Structures are given as structure tokens and as C-alpha cells.
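Since we're looking at a predicted model, the values are computed, not measured. Excluded from the calculations below are hydrogen atoms, water molecules and symmetry mates; all remaining heavy atoms, backbone and side chain alike, are included. The chains referred to below are lettered A, B, ... by the order of the sequence lines, with proteins before strands, and numbering in each begins at 1.
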2 protein chains.
Amino acid sequence: MTPTSNLQPKRRAAKVIRRRQLIEAAIKSIAKRGLGDTTMAHVAQAAGLSQGIVNLHFDSKDNLLNETLNYIRHEYEENWRNAIDKAPNDSAQQLAALLRSDYNKKVADIQKLAVWFAFWGEAKSRPTYKKICQERVTDYSQSLTKIIDRLIKEGEYKYIKTPQLVEGIIAMADGLWLNILISAQGFGRQNAEAVMMQYLCHVFPNHQAAFN
Amino acid sequence: MTPTSNLQPKRRAAKVIRRRQLIEAAIKSIAKRGLGDTTMAHVAQAAGLSQGIVNLHFDSKDNLLNETLNYIRHEYEENWRNAIDKAPNDSAQQLAALLRSDYNKKVADIQKLAVWFAFWGEAKSRPTYKKICQERVTDYSQSLTKIIDRLIKEGEYKYIKTPQLVEGIIAMADGLWLNILISAQGFGRQNAEAVMMQYLCHVFPNHQAAFN
DNA sequence: CATTTAAATGAATAAGCATTCATTCATAAT
DNA sequence: ATTATGAATGAATGCTTATTCATTTAAATG
């Protein structure tokens with residue numbers, strides 16, 4: 001029996017809640033100050049708790065940051081899986097739903113985008129970050145590939161190379177996030193979505209109805 | 001008269017060279033360790049010089065980093081302007097040349113890409129970084145817009161909304177950089193270029209020759 | 001209520017780092 | 001050859017920050 005399993009429900013719940021609370025505080029601080037200027041004290045403060053609290057729940061700063069990245073990765077995945085599930089059983093509709101989900105209020109939130117870019121910025125030199133970032137893409141592109149293959153078959157599209165199209169869509173999706181994050185002003189989630197839908201219209205001209 | 005302008009030509013040249021040397025050392029260190037773990041000592045060491053050298057030439061770390069970002073921004077701009085200049089006087093060819101230039105050895109070098117993402121990751125909370133990053137895009141998108149407008153007119157393409165297409169192309173370009181930087185392996189400059197060219201083929205089907 | 005156990009605090013510690021500046025080295029001027 | 005000036009050094013300084021841990025607070029148990 002692990003020590004945790006002896007705990008009473010209330011306290012066990014508290015531990016999970018506190019961890020999430022601290023992760024969310026970390027997200028806030030990273031968005032506000034950047035990864036470089038985020039200190040343990042900032043995170044603790046943003047959570048309304050005391051100095052040592054992060055070490056108590058995460059042992060180290062490194063660990064907190066890893067868990068933070070993991071957290072937004074899972075939230076991201078949950079979001080798009082959900083979008084596919086809720087979409088009608090039609091490949092064009094599903095494609096639209098999947099890609100629109102990237103510009104949800106929940107995941108394309110400025111704070112979350114700031115966190116993604118903060119970690120991408122360090123990913124090259126941090127194997128842990130890199131791995132998590134890669135995982136995000138592999139899962140996503142598998143699902144995307146399936147849907148597109150089905151659409152190509154159904155729509156009798158010739159001359160479309162699926163792997164390249166998938167890379168292209170994902171690249172555009174990430175690049176639009178950058179634009180939302182950094183553009184002088186006025187470029188928001190809706191604009192990003194519109195740009196992506198126009199891309200899909202160009203590639204799948206017989207299914208434009210699904211993308212408007 | 002500023003103190004620097006009193007200097008003898010040789011000395012002024014030496015100063016410029018040293019600054020460039022330090023900026024390049026900064027790029028190396030950022031690529032190797034990330035922005036967060038790059039210290040003044042690392043930069044000095046990478047340049048084969050002593051502790052205080054960066055403060056001597058740049059006053060502060062902040063300043064060095066700003067200048068480093070500026071440096072790659074100018075290098076980037078020079079690269080694509082050059083590509084357009086060298087391209088034949090044909091809008092499709094120019095479009096191809098402009099976009100291919102993003103995957104040059106010089107600018108799509110892994111170290112440079114690491115630097116771009118490092119700064120993008122901090123741009124939200126650092127007005128100076130943000131501004132420089134914005135400038136990069138505004139100049140680029142102006143030129144891109146001109147070329148595309150000409151191509152649309154010449155090729156009698158209807159139903160293409162230039163602003164959205166421009167946003168889309170730039171987004172994809174940046175996203176492909178991310179893919180080069182982070183992908184597990186095997187995704188390189190040539191792949192990125194191919195993906196982009198396929199996009200252009202979809203949008204401008206009557207000019208595919210220029211994109212292959 | 002008394003006792004046990006876990007959670008939280010925050011002052012103290014120690015390591016890391018940017019910056020300073022007195023000193024040394026190299027080069028140009030006379 | 002001597003002097004003057006700029007460039008470079010690197011040890012010392014002082015600040016910031018992650019981590020530790022003795023102590024306090026709160027909750028659950030019997």
C-alpha cells in the first residue's frame with residue numbers, strides 16, 4: 001500500500017487540487033513575466049501561498065515546469081479529441097471541427113499560447129520539453145491524417161500528398177498561434193480560424209460548405 | 001560628437017568586429033543552452049574572451065540580447081530581399097524565390113531558429129523583443145502582398161483574399177521552422193520547402209511550374 | 001477533548017550570476 | 001623610443017533566487 005492510499009479523502013483531494021492550483025499559478029506567471037523571470041516566489045504568490053510551497057508539492061522548480069507543460073499538453077489533446085467526437089460523422093465536418101478547435105477560447109487563450117512559446121523556446125536544449133512537444137504533434141497528426149485520407153478518398157481528390165498536407169496544416173496552425181500572440185493588435189482567434197478555413201477551401205474545393 | 005566618432009578607423013573597425021563576435025557567441029550559447037541558461041560567462045567563453053567583455057562592449061546583458069535579436073532580424077531581411085532581387089522578373093518566380101529563401105542554409109540554420117524561438121518565447125512579456133519580432137513580419141508581408149497581388153492580377157485568379165493568404169503563408173512559414181527545430185528527426189529544410197511549395201500549387205494551380 | 005498526522009509557513013542558507021573597476025596589455029601617435 | 005589612449009582582464013561585490021527545515025497551523029481520529 002502506498003502512503004498516499006492511506007490518506008483520508010479530503011486530504012488526498014487537497015493535494016491534487018493544490019498541485020493544479022500551483023500549475024495554474026505557474027501559467028499565469030509565465031504569461032506575465034516569461035519563463036526566464038518566473039521565480040518560485042512569484043508562483044507561490046500567484047497562488048496566494050507561501051515560499052516553500054512549490055518545493056513541498058513538486059520537489060523542484062524543474063519538476064513544476066515539466067508538469068506545467070504536461071498539463072497544457074493534456075488539456076490541448078482533450079480539447080481536440082472532444083471536438084472530433086462532437087462533430088457529425090462526415091470527414092469534411094470533422095476536419096473543420098478539428099482545426100477550429102485550435103482556436104477555442106480554452107486553448108488559444110493568450111496565456112496558454114505564451115506558455116507554449118515559452119517552452120518551445122527552450123525545447124531545443126531541454127530534452128524533457130522537447131519530448132512533450134513532440135508528443136503533442138504525433139497524436140494530433142495521426143488523427144488529422146486519418147480524417148484527411150478519408151476525405152480524399154470520398155471526395156476523389158487526386159494529386160494531394162497527405163503527409164505534406166498534414167505537415168502544412170500543422171505548421172500553419174502553430175504559426176497562426178504565433179500571430180495571435182505577437183501581432184501588433186487586431187489579429188485574434190477568429191481571424192486565425194478564417195485563415196485556416198480558407199486554406200482548406202483551396203485544398204478541398206468540393207467541400208467549401210464545411211469550411212464556411 | 002560622440003566619443004566613438006573620435007576613434008581611429010582601425011579601432012572603430014575592431015570594435016564592430018568584437019561586437020559581432022560577441023553576438024555570434026550569444027547565438028551559439030542560446031542555441032546550446034537556451035536563453036534562460038545563457039550567462040555572461042558563457043558568452044564570453046564562447047568568444048574566447050574574458051568575463052567583463054560583454055559589459056565593456058554592450059553595457060548590459062539586456063542590451064546584448066536586444067542587439068542579438070536585431071542582428072538575426074537584419075540578416076533575415078537581407079536574405080529575402082536578396083532572393084527577390086536575384087529572381088527573374090516574373091511574379092510566380094518571385095513568390096517562389098521569396099518563400100524558398102526562408103529555408104536557406106543561412107537563415108533556417110538550426111542555431112538561428114533556436115534563437116528566434118527563444119525570443120518569441122519571451123516576446124509577450126518583453127516589449128523590446130515584441131517590437132523587433134513585429135517589424136520582421138511587417139516588412140516581409142508588405143513585399144509578399146505586392147507580389148501576390150501582381151500574380152493574382154496576371155493569372156486572373158478570382159476568389160483569393162490576399163490579406164488572408166498572406167497571413168496564411170507567413171504562419172505556415174513560421175510553423176515549418178518550428179517543425180525543423182523540434183521534430184523528432186528527419187524533417188529538414190528541404191521538406192519544409194516542399195510543403196510550402198505544395199501549398200502554393202494548391203492556391204495558384206496555373207503556375208505550378210514555378211513551384212516545382 | 002486529547003492526540004496524532006499531514007500541510008503549510010517563512011526565515012535562513014548557499015549557490016549562481018551580472019556588474020564593477022583597478023590593473024595589465026596592446027597599439028597608435030609623436 | 002617614449003608616451004598616451006583604448007581594449008581586455010578577472011577578482012571582488014552585491015543581489016537574486018532555489019532549496020531546506022524547524023516551527024506552526026489545521027484536520028482527522030478515538
Would you kindly give the [atom1]-to-[atom2] distance between [X] and [N], to the nearest whole Å?
{"X": "A/L35", "N": "D/dT17", "atom1": "CG", "atom2": "P", "answer": "14 Å"}
{"X": "A/F58", "N": "D/dT20", "atom1": "CZ", "atom2": "P", "answer": "16 Å"}
{"X": "A/L22", "N": "C/dA7", "atom1": "CG", "atom2": "P", "answer": "13 Å"}
{"X": "A/K15", "N": "C/dT5", "atom1": "NZ", "atom2": "P", "answer": "16 Å"}
{"X": "A/Q51", "N": "D/dA22", "atom1": "CD", "atom2": "C1'", "answer": "16 Å"}
{"X": "B/R18", "N": "C/dC25", "atom1": "CZ", "atom2": "P", "answer": "17 Å"}
{"X": "B/L56", "N": "D/dA7", "atom1": "CG", "atom2": "P", "answer": "7 Å"}
{"X": "A/I17", "N": "C/dA6", "atom1": "CD1", "atom2": "P", "answer": "19 Å"}

Select one nucleotide: of [options], the one nearest the side-chain heavy atoms of [X].
{"X": "A/L49", "options": "D/dA11, D/dT9, C/dA8", "value": "C/dA8"}
{"X": "A/T39", "options": "C/dC17, C/dT9, D/dT17", "value": "D/dT17"}
{"X": "B/M40", "options": "D/dT19, C/dA18, D/dA8", "value": "C/dA18"}
{"X": "B/S60", "options": "C/dT19, C/dA11, D/dT9", "value": "C/dT19"}

Strictly below 4.0 Å: does [X] bring a side-chain N or O up to OP1 or OP2 of [N]?
{"X": "A/H57", "N": "C/dA8", "result": "yes"}
{"X": "B/K61", "N": "C/dT19", "result": "no"}
{"X": "B/N55", "N": "C/dT19", "result": "yes"}

**Request:** Carefully, step by step, assess B/Y129 and B/W116 under the rule ring pair (Phe, Tyr, Trp, His ring centres under 6.0 Å).
**Result:** CA-CA 10 Å; B/Y129 297 172; B/W116 277 115; over 10 Å; no
Would [X] and [Y] count as having a side-chain donor-acceptor pair, cut-off 3.5 Å?
{"X": "A/T162", "Y": "A/D149", "answer": "yes"}
{"X": "A/Y71", "Y": "A/E24", "answer": "yes"}
{"X": "A/E167", "Y": "B/N179", "answer": "yes"}

**Asked** What do you reckon, are the aromatic ring centroids of B/W177 and B/Y76 less than 6.0 Å apart?
**Response** yes
**Asked** Would the B/Y199 and A/Y199 ring centres measure less than 6.0 Å apart?
**Response** yes
**Message:** Between B/H42 and B/D37 (side chain of the first, backbone of the second, donor and acceptor by atom type, cut-off under 3.5 Å), is there such a pair?
**Reply:** yes
**Closest-nucleotide ordering on DNA chain D, the 5'-leading residue of A/H42 and A/D59** = A/H42
Enumerate all atom pairs, one protein N or O and one N or O from nucleotides 22-24 of chain C, separated by less than 3.5 Å.
none

